[in-house]
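Down below is the structure, laid out as structure tokens.
Below, chain A is the first sequence line, B the second, and so on; all start at residue 1.
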Amino acid sequence: SQYLPIVINTWFVSNATNAAWEELTVHGGSAVDAVVAGCSQCEASQCRGTVGFGGDPDENGETTLDAMIMDGYFDSLPPVAALRMVKPAIAVARAVMDYTEHTLLVGDQASLFAKDMGFTVETLTTNKSYIDWKNWIDNKCQPNFRQNVIPNPKTSCGPYKPKERIEQHLNNRMNFGISPNNHD
Amino acid sequence: TIGMIAIDKNGNISAGTSTNGLSHKVPGRVGDSPLMGAGSYAMNGAGGAACTGDGDIMMRFLPSFQAVMMMKSGMEPSLALKAAMAPIIQYYPSFFGAMIAVSSNGTFAAVCHGYKTFPFCVASPSFHEVKVLKVQC
């Protein structure tokens, strides 16, 4: 087609588009190479603050990264999610594609795999994300995504425990009419 | 989040995303970006699509997968995106989100909801340099 090759990406992050386009047209890379090159450029430059290290800190002040790479003939579908302590997330996803038959690698497993594959283990925290986290703590951990726990998540930080009512509710449900004779 | 799709001159398609989830992902949790069919999707001979925005809502509809399946059935990227976006808008009219799609022959489109306009970038033989384009939401 006269319109190929092509690179398209969300937002106005044209440096990432350029990096992918060069991979395709100058370095003779594949489509997968191009997407990894483009997204890696975005991670390194922390595009718009929403890509790469230093994003929103979680309740422990850590930042996690999600990434995926997919090829159009499905021979490998290796996303990584909630990756901690390793910055080049899409390159880790590419390593999952190249060196495993895994699909989704999440959390510590993803970080351990990345470390095995020789990726640098380093904090993803920046001054900004640390200050954001400190401010969040000073603001009684507001906002957060907790519900039905004690202490009251709308006024206090954790650690949290489930509210008794939920346990009671579960117990009630457990006893209602279910017996070894009518439930496999 | 960045969602990206590339098609090489032989027609092989790849899609990918990367995010730290700054604005929509629950910090420390998994968002929609790494989930196939939600964050992005690619199928040789059909096309590729990618999403950005409120992932916790968008992921429930696997919009990237939907858009690629529509293109596989011959729909133009812009119509495919509108069709993939429609159920999300129906059930969550106040959500924020955007999608891009490119069909296997290189025609592309973008769609958005909740923003005024949505910017995206394209590089192809049709343009001498990387183009930043905008779509009205």
Any chance [atom1] of [X] has more than 12 other-residue heavy atoms, nucleotides or ligands included, within less than 6.0 Å?
| X | atom1 | answer |
| --- | --- | --- |
| Tyr130(A) | OH | no |
| Tyr3(A) | OH | no |
| Asp116(A) | CG | yes |
| His128(B) | NE2 | no |
| Glu122(A) | CD | yes |
| Lys154(A) | NZ | yes |
| Tyr91(B) | OH | no |

Examine whether an atom of [X] lies under 4.5 Å from a heavy atom of chain B, and if so say whether it belongs to the side chain, the backbone or both; otherwise answer neither.
| X | answer |
| --- | --- |
| Cys39(A) | both |
| Val106(A) | side chain |
| Gln2(A) | backbone |
| Ala20(A) | side chain |

Donor-acceptor check, side chain of [X] to backbone of [Y], threshold 3.5 angstrom: yes or no?
| X | Y | answer |
| --- | --- | --- |
| Asn20(B) | Gly49(A) | yes |
| Ser14(B) | Met70(A) | yes |
| Ser33(B) | Ala67(A) | no |

Applying a strict under-4.5 Å side-chain criterion to I, L, V, M, F, W and Y, I'd like to know whether [X] and [Y] cluster together.
| X | Y | answer |
| --- | --- | --- |
| Tyr115(B) | Ile8(A) | yes |
| Val80(A) | Tyr99(A) | yes |
| Val130(B) | Leu24(A) | no |
| Leu35(B) | Ile88(B) | no |
| Val68(B) | Met70(B) | no |

Legend entry - Note, Pro119(B) side chain near Trp11(A) side chain (heavy atom, < 4.5 Å): yes
Within this structure, what is the [atom1]-[atom2] distance for the pair [X] and [Y], rounded to the nearest 0.5 Å?
| X | Y | atom1 | atom2 | value |
| --- | --- | --- | --- | --- |
| Asn44(B) | Asp71(A) | CG | CG | 7.5 Å |
| Thr17(B) | Asn9(A) | OG1 | CG | 12.5 Å |
| Asp8(B) | Leu4(A) | CG | CG | 8.0 Å |
| Leu133(B) | Phe12(A) | CG | CZ | 14.0 Å |
| Cys121(B) | Asn18(A) | SG | CG | 9.5 Å |
| Ile6(A) | Ile5(B) | CD1 | CD1 | 9.0 Å |

Inset, instruction - Applying side chain to side chain contact (heavy atoms under 4.5 Å, CB included), run through Val7(A) and Val122(B) and close with a yes or a no. - result: CA-CA 6 Å; Val7(A) 171; Val122(B) 181; over 6 Å; no
I need the residue from [options] with the largest number of non-hydrogen atom pairs under 4.5 Å to chain A.
| options | result |
| --- | --- |
| Gly39(B), Ser126(B), Gly47(B), Ser40(B) | Ser40(B) |
| Gly16(B), Gly106(B), Pro34(B) | Pro34(B) |
| Ala6(B), Ala98(B), Ala123(B), Ala42(B) | Ala123(B) |
| Asn12(B), Val132(B), Ile100(B) | Ile100(B) |
| Lys9(B), Met99(B), Met4(B), Lys134(B) | Met4(B) |
| Asn10(B), Thr107(B), Thr52(B), Ile2(B) | Ile2(B) |

Legend entry - Choice from Ala34(A), Ser14(A), Ser30(A) maximising heavy atom contacts with chain B below 4.5 Å: Ser14(A)
Inset, instruction - Report the option among Val13(A), Thr17(A), Leu83(A) that has the most heavy-atom pairs separated by less than 4.5 Å from atoms of chain B. - result: Thr17(A)
Inset, instruction - Measure distances from Ala46(B) to the heavy atoms of chain A and classify the residue's part below 4.5 Å as side chain, backbone, both or neither. - result: neither
Legend entry - Segment of Ala109(B) engaging chain A (4.5 angstrom heavy-atom cut-off): backbone
Inset, instruction - Applying side-chain contact (heavy atoms from CB on, under 4.5 Å) between Thr19(B) and each of Leu65(A), Thr64(A), Asp66(A), report the one that passes. - result: Asp66(A)
Inset, instruction - Using side-chain contact (heavy atoms from CB on, under 4.5 Å) as the criterion, point out the one residue from Val36(A), Val51(A), Thr50(A), Ile69(A) that pairs with Ser18(B). - result: Val51(A)
Legend entry - Derivation of the side chain to side chain contact (heavy atoms under 4.5 Å, CB included) call for Phe118(B) and Thr10(A): CA-CA 8 Å; Phe118(B) 175 72; Thr10(A) 54; 3.8 Å; yes
